[in-house]
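Working notes for the structure below.
In what follows, chains are A, B, ... by sequence order, proteins preceding strands, each numbered from 1. Computed from a prediction, not measured in an experiment: that's the story for all the values here.
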Amino acid sequence: MALSTQPYKGARDFYPEDKRLQKYMFGIMRRVAESFGYEEYDAPVVEPLELYLAKTGDEIVNEQTYAFTDRGGRQVVIRPEMTPTVSRMVAGRRQGLAYPLRWYSIPNLWRYERPQRGRLREHWQLNVDMFGLDSLLAEAEIIQVADGILKATGATHDMYTIKLNSRTLMNYILHDYLQLDSVQSHTIAKLIDRMHKMPHEAFVAEVDAVFTPSQRDSGASNKLIGLLRTKTIEHLPEVIRQSSPALELQELLRVLKQAKLTNVVFDLTVMRGFDYYTGIVFEVFDENPDNNRSMLGGGRYDGLVGLFGVEPVPTVGWAMGDVTLQKFLEGHDLMPLLRPETDVYAVLIGNVYTDAQRVIGEMREMGVNVAVDMTGAKIDKQLKTATKKGIHYVLFIGEKDLKDEQYEIKNMLTGVAERHSVARIISIIKDYRSDD
RNA sequence: GCGGGAAUAGCUCAGUUGGUUAGAGCGUCUGUUUGUGGCACAGAAGGCCGUGGGUUCAAGUCCCAUUUCUCGCCCCA
């Protein structure tokens, strides 16, 4: 039985062309996050099981993690998300950190589940968090970071929509306005989370079933359905509109509008799956009809750091997966033309390998990436290799070139070849590389 | 964890109601005589038809199981 060449189920091999795209996406994430002053951190891939038991839903821990017992009998998990880890790190040094703390990371995460479109077992996820600021300006800033990253890919505001909601507003509506108990509220919240995946009649029927007969008679069920259709805060009933979470949402919308985010809307149906959110929640939706999904989401979760037995630290954050971003780029024709890392392929003519080293070495010292063909193959064969590798420039080095100190540099895309000194060639390559 | 679809050359696929040595295009390799790739021409390699059972005189083709891929569900980083 031959060994399989396939990667592990639900995980991906990154061949150089795949890795190149990943480097491009991560590069944008890093550049934009750092432009807002966010610092990169990382942590071990393996965490103790308890870290997740404290906050995440049972199903995630019990059925959707890679969990095992290590040789010392410790129960551990390959991290399925980064939020507990970063909360742990902040709690560990909370007194020595400078707040507001701006941190980001691009961890590799694993979940044990059946792969499907856009959801694998292994993925990379950008996490952007701000700790220590209990102000709407924190939400506003991290949303701007998200917007900045998408714009840096070349996306425009018509390609995605930023949808805002508030967990506290939902609590107010469900508990105070509709008078539901906590079990009913929880069930309704989960239903709202799924409402766009089911026919409207089915949704209405399921919502109805949650209400008691007397609640239905008083019209509470219809009120909720009506509320969920509301497209702006202004159209909410007066009592709700004057509640403090609604006023807060309105303020955030105003701040974001001032920051020129034209694609931000209020959406009462945005729930987010996790229970740990405590305030504003938001999601960014892809407007591509073929890929209508949430590609990024987050919100305020003030309670997590406090789980480590320290003073609570107010926190906002969001996360975005590499697979969803890639789907977004593909769907909107935003995939970049990526060049190979190698700038120049050196074709050797005759037995000049040793003498060519001084030319090649000089180029490398000046920051030009040069791959040398030392196969001794015929010229056409060496050129074919360069073409196949996708390298844009070929440098010919033969005895007469070494003697003249003039070398032919050929652009493989245009077919144009010129003879120059090494110094001139280096500057041509650098100019070419910088006009990305 | 539950359900639908799929699996034939490196890739994309064809393969008749089951019937001889399993096909194409692209790609790969070799050559068209050694300082110039893409084009053209000539030739070659490459398949336990995913795997294991079964039905049959005969299975790539029908049946069962299994694995993997894929699309959904559950759940949602």
Over 12 non-hydrogen atoms of neighbours within 6.0 angstrom of CD in Glu311(A) |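 Counting other residues, nucleotides and ligands, CD of Glu311(A) stays at 12 neighbours or fewer.
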
Aromatic Phe285(A) / basic Lys163(A) pairing, under 6.0 angstrom, 45° off normal =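 Because its charged atom sits under 6.0 Å from the ring centre and within 45° of the axis, Lys163(A) does stack over Phe285(A).
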
Give a yes/no verdict on a cation-pi contact between Arg339(A) and Tyr432(A), requiring under 6.0 Å between NZ or CZ and the six-membered ring centre and an angle within 45° of the axis.
->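 Yes, a cation-pi geometry holds between Arg339(A) and Tyr432(A).
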
Ring centroid separation His157(A) to Tyr160(A) under 6.0 Å =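 Yes, ring centres under 6.0 Å apart.
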
[X] [atom1] - [N] [atom2] separation (whole Å):
| X | N | atom1 | atom2 | result |
| --- | --- | --- | --- | --- |
| Lys410(A) | rG35(B) | NZ | C1' | 11 Å |
| Tyr112(A) | rC2(B) | OH | P | 11 Å |
| Glu81(A) | rC75(B) | CD | C1' | 14 Å |

With a cut-off of less than 4.0 Å, is there a side-chain N or O of [X] near OP1 or OP2 of [N]?
| X | N | answer |
| --- | --- | --- |
| Lys378(A) | rU32(B) | yes |
| Lys381(A) | rG37(B) | no |
| Arg194(A) | rC74(B) | yes |

Hey, where does RNA chain B pair up into stems, meaning at least three consecutive Watson-Crick or G-U pairs with distances under 3.5 Å?
-> B:1-7 with B:67-73, B:10-13 with B:23-26, B:28-32 with B:40-44, B:50-54 with B:62-66

Presence of salt bridge, Arg12(A) and Asp322(A), under 4.0 angstrom =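 Salt bridge present between Asp322(A) and Arg12(A).
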
Lys400(A) with Asp404(A): basic N within carboxylate O range, under 4.0 Å = no

